[in-house]
Amino acid sequence: MIDYKTSLNAAQYAAVTATESAVLVVAGAGSGKTRTIVYRLAYLAEHGVDPHSMLLLTFTRKAAQEMLHRASHLLDQGLAGVQGGTFHSFAFSALRQFPPAWLAGRHATIMDSADINAALKQCKDDLHLGKGDRSFPKTAHIASLLSKARNKEMPLDEVIRRDACHLMPHADALCQIEEAYAAYRRRAGLLDYDDLLFELEGVLRENALAAQSLRERFRYIMVDEYQDTNRVQARLVRLLAGQEGAEGSACSVMAVGDEAQSIYAFRGADVRNILDFPTLFPKARIIRLEENYRSTQPVLDVANALLRNAPEGYRKHLFTSKAGGEPVRYVVPINDNSQADLVTARVQDLLQSHLPHEIAVLFRAGFHSYQLELALRKAGIAFRKYGGLKFSDAAHIKDVIAYARMLLNPLDMPAFERIAALHRGIGPKTMRKLYALATEGQPEATHKAFAKFPEFLQDIAFLDDVRAKALQPEAALTAIVEHYRPLLEEHYPEDYPRRQQGLEEITHMAADYQALDLFMADLALESPDEEEQDSEGKITLSTVHSAKGLEWNAVIILDLVEDRFPSRHALARPEEFEEERRLLYVACTRARQILDLCVPAATYNRQERMQEYAVPSPFMRELPSTACQTWVESFGGMLQQREAQQPAPSRLLPPSQPQPSAPEQSKAVGALASPVALGYCRHRIFGRGKAIKYIAPDKMQVHFPGLGIKTILTDYLVMEEGSAPSCPAE
DNA sequence: CCATAGACTGAAGAC
DNA sequence: CAGTCTATGG
């Protein structure tokens, strides 16, 4: 038996052993919440609970696998029966078992983001909306608005009014698109990410048999990262748990979360779920894990400083009983290009040091790491990148996936169209016509139309043939790859050998699956990593979002300048600005021993085709000078330590007066509740000679919701291009 | 005259 | 990779 009392602290022990009632674990960063879940899994297994009745919902499948792996390691026995993964993947497997009535008998396919975009584009075109209108939102933007509406469970026009008021003129058109898109999915038997959750909720409510069967099976539910669940997800937990205290429902739910780490409000996550948990489960115990076991005090000091400045004041103070630790470094490269070189050199140093070589470089957006990727390649340092483009985003992989999907679901419209478009002479118009004909069932017309494209006909015949053979996933994919080969060479004459390797990889991955549709679902839900084994010795590049829940000995954060971190998209509303703060908090708390914050003095502006002075991120400006050690790059690439002083003072608006005080600003404050956000926005306008170009007057309302154009012009736009910045308040 | 192919630019975060 | 613009083929 495992000695839980000595392996865990008192709070962790309480959380692990509280299996009778619902438990909410509020766990600070690095306070051992993974450890708690791992020990709880082991504890349950040791006390005779069948792994089959445990459900572990985490943010990534990888997180679930790792916890299960660690738990079975503790136990000396496997925990194979535990169902673990994301809400979405769990929903898919539940729906596979208990499909909703409208899907009866069909293999539903999950749409990936490319499918969603294609579908929306088609709906938009069919309705003749937004043609040639530059102010009409881009397809990807429409997708994010529709998804936001569903995740927040708010009508679409409400979401537009609140989050994108400049799109109000298009609200009607967008609502029409939303409707058409819903019809499209039903017709083609497709589920998008949001459908997975709502359809499962529907099944649990309407299909008593299914609900009972799932409830009987899952007696122990554990939900990680609860602060990033949305309303439906909370309802799903509730529905799966059944009535608390009701006869025969011994279901025990444990939710683990940290409100300071909520970084998914943009996709509808609702921190209220944590606050409402005790209402949902009145008998719930609440346990707090506070001591940090991960990071050194200097790292925690920076993290604490970040939260201290949050207007909402999370009552969080991370502490460790370990003393000492390397100071956090505030590094100022000359520009983003030399940042890549400095980071590469730093990584090389760390790799040669005695420290365990677990190093991560984190950044706000996928493309921020491009320069670094080049520099690392040149230096011969192996890395692995998470976030941004996925393995399954590559065109050739998508092609093969399309074949596999059409194998499962001949009506899968995006797949059909993708395959059609592979052949010469078929463009958007023709492929839609062909799909319509093929599904309407007019044999003669269909025959005639398809006869013009013999290669496409061959594809269809090939798929019919493979379908008849009912092959295993690996064999089916091998056949597809072989069939696709000539097309691959035709479409990618320059680099098809490299792409062929990717195709071999995907065939190989399929070998682990019993059924093709399960494999397809996993590809759409989470791109499985190519081969885990060679990850040894590689450093990690990752977006902060993808770094959630992970930790490294050394963490380097890139591009802590305005426009990048916080992202320029996060300016419109104070809540979004605060989410950026929590995002940076998450990034810093990933570090165990070493934390480097990179604040390039200049960044490349693509429009101007030149380097431009960058403004340090407001989060950096507010950091007390004692929190870190400043290193400035001098010409020639040398880093020099600068004696304690306010790190890299903001260029034009010193941190001592970041907020406007003049009376004329008070009317502007109306819409922007947070003075921090206002100070920040003002800084952007006045802090740079190019501000007028940067935020065009007619776009100002986007950045300052609620401000009229007149106010903006009279109160704000006081400088002309190229002139010295001047500010009415001064 | 429509539909397609090819060149070019610009990127948020993720299930 | 997606979206847009333009040249060209049917």
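Only a predicted model underlies this, so the values are computations on that prediction, with no experimental measurement involved. We use all heavy atoms of the structure for the numbers below, so side chains are in, but hydrogens, waters and symmetry mates are not. Labels below follow one simple rule: chain letters A, B, ... track the order of the sequence lines, proteins then strands, and each chain is numbered from 1.
- One interatomic measurement links the two molecules: CZ of A:Arg432 to P of B:dT4, which rounds to 10 Å at whole-angstrom precision.
- A:Lys452 comes within 4.0 angstrom of no nucleic acid atom, judged by non-hydrogen atoms across all strands.
- Distance CZ (A:Phe59) to C1' (B:dC15): 7 Å, rounded to an integer number of Å.
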Checklist entry - Given Watson-Crick or G-U pairs with both distances under 3.5 Å, what dot-bracket string fits DNA chain B, with | for other-strand pairs and [ ] for crossing? => result ||||||||||.....

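- Under 4.0 Å is where a charged nitrogen must lie from a carboxylate oxygen, and between A:Arg364 and A:Glu580 at least one such pair does.
- For A:Asp195, the salt bridge (charged side-chain N to carboxylate O under 4.0 Å, His left out) criterion is met by A:Arg150, A:Arg185, not counting sequence neighbours.
- In this model, the phosphate group of B:dC15 is not approached by any side-chain N or O of A:Lys548 to a distance below 4.0 Å at OP1 or OP2.
- Checked against C:dA2, C:dG3, B:dG13, the side chain of A:Lys138 finds its nearest nucleotide in C:dG3.
- The phosphate of B:dA14 has neither OP1 nor OP2 within less than 4.0 Å of any side-chain N or O from A:Ser113.
- Of the candidates B:dG13, B:dA14, B:dA5, the closest approach to any side-chain atom of A:Arg424 belongs to B:dA5.
- Look at NZ on A:Lys429: it is 17 Å from C1' on C:dG9, rounded to the nearest Å.
- Between A:Asp115 and A:Arg405, at least one side-chain nitrogen of the basic residue sits less than 4.0 Å from a carboxylate oxygen of the acidic one, meeting the salt-bridge criterion.
- Residue A:Ser567 has no polar side-chain atom (N or O) positioned under 4.0 Å from OP1 or OP2 of B:dG13.
- The aromatic ring centroids of A:Phe456 and A:Phe416 lie less than 6.0 Å from each other.
- Looking at heavy-atom distances under 4.0 Å, A:Thr139 makes contact with sugar-phosphate atoms alone, never a base.
- Taking side-chain N and O atoms only, A:Thr543 has a distance below 4.0 Å to OP1 or OP2 of B:dA14.
- Listed nucleotides B:dA14, C:dC1, B:dC15 differ in distance to A:Ser546; the shortest reach to its side chain belongs to B:dA14.
- By the 4.0 Å N-to-carboxylate-O rule, A:Arg564 lies close enough to A:Asp336 to be salt-bridged with it.
- Using a cut-off of 4.0 Å between Lys/Arg side-chain N and Asp/Glu carboxylate O, A:Arg186 and A:Glu199 are scored as salt-bridged.
- Where A:His545 and A:Ala421 each meet DNA chain B at their nearest nucleotide, the meeting point lying more 5' is that of A:Ala421.
- Rounded to a whole Å, the NE2 atom of A:His368 is 8 Å from the C1' atom of B:dA12.
- Distance, A:Lys124 NZ to C:dA2 C1': 11 Å, rounded to whole Å.
- Among the heavy atoms of the strands lying under 4.0 Å from A:Arg364 is at least one base atom, whether or not backbone atoms are also near.
- With B:dA14, B:dA3, C:dA2 as the choices, the nucleotide that has an atom nearest any side-chain atom of A:Lys398 turns out to be C:dA2.
- In this structure, the nucleotide among C:dT4, B:dA11, B:dT4 sitting nearest to the side chain of A:Pro428 is B:dT4.
- Contact check on A:Glu153 versus A:Arg235 returns a salt bridge, with a Lys/Arg side-chain nitrogen under 4.0 Å from an Asp/Glu carboxylate oxygen.
- The residue A:Tyr264 sits close only to the backbone: its heavy atoms come under 4.0 Å of sugar-phosphate atoms, none of a base.
- Put simply, CD on A:Glu580 is 13 Å from P on B:dA12, counting in whole angstrom units.
- Counting only residues at least two apart or in different chains, salt bridge (charged side-chain N to carboxylate O under 4.0 Å, His left out) contacts with residues 365-375 of chain A comprise A:Glu373-A:Lys385.
- Using a 4.0 Å heavy-atom distance criterion, A:Ser147 is classed as making no nucleic acid contact.
- Using a 4.0 Å cut-off between charged nitrogen and carboxylate oxygen, A:Lys548 and A:Asp228 count as a salt-bridge pair.
- The side chain of A:Arg568 has B:dA11 as its nearest neighbour among B:dA3, B:dA11, C:dA2.
- Here the C1' atom of nucleotide B:dA5 and the OH atom of A:Tyr492 are 14 Å apart, to the nearest Å.
- To the nearest angstrom, C1' of B:dC15 lies 9 Å from CD of A:Gln233.
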